Amino acid sequence: MDNNILIIVLALATLIIVAGVAMWQRARVAQAKGDPGRSAFTENHGGTPRQNRPGTEH
């Protein structure tokens with residue numbers, strides 16, 4: 001097998017493996033939360049900031 005083809009095959013295999021692991025981990029998190037929806041960060045991002053906790057005022 002030509003080395004150029006081998007490099008392309010290895011790169012594609014790596015991307016496929018990484019995508020598979022990411023989807024598997026995402027499914028585990030959704031199952032642990034009991035909610036397959038998006039995280040609270042993405043749902044609430046862009047809103048008004050929450051109040052500072054006591055003792056953390058700057």
Side-chain angles (χ1 to χ4, degrees):
M1 188 179 262
D2 189 19
N3 282 343
N4 292 332
I5 294 173
L6 182 61
I7 290 172
I8 293 171
V9 169
L10 288 174
L12 289 175
T14 301
L15 290 175
I16 291 169
I17 290 170
V18 167
V21 169
M23 290 184 340
W24 171 57
Q25 290 296 322
R26 178 64 185 109
R28 288 186 65 205
V29 168
Q31 183 180 17
K33 286 173 48 181
D35 179 15
R38 297 184 64 98
S39 70
F41 173 78
T42 56
E43 288 176 358
N44 299 323
H45 186 66
T48 57
R50 62 177 171 76
Q51 294 296 319
N52 288 337
R53 294 183 180 194
T56 60
E57 294 82 9
H58 297 261

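This structure is a prediction, so every number in the text was calculated from the model and none was measured.
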Residues passing the side-chain contact (heavy atoms from CB on, under 4.5 Å) test with Q51, sequence neighbours excluded, are none

Joining Ile, Leu, Val, Met, Phe, Trp and Tyr whenever any side-chain heavy atoms lie under 4.5 Å apart, the cluster holding L12 also takes in I8

Residues L10 and T14: closest non-hydrogen pair is O-OG1, 2.8 Å

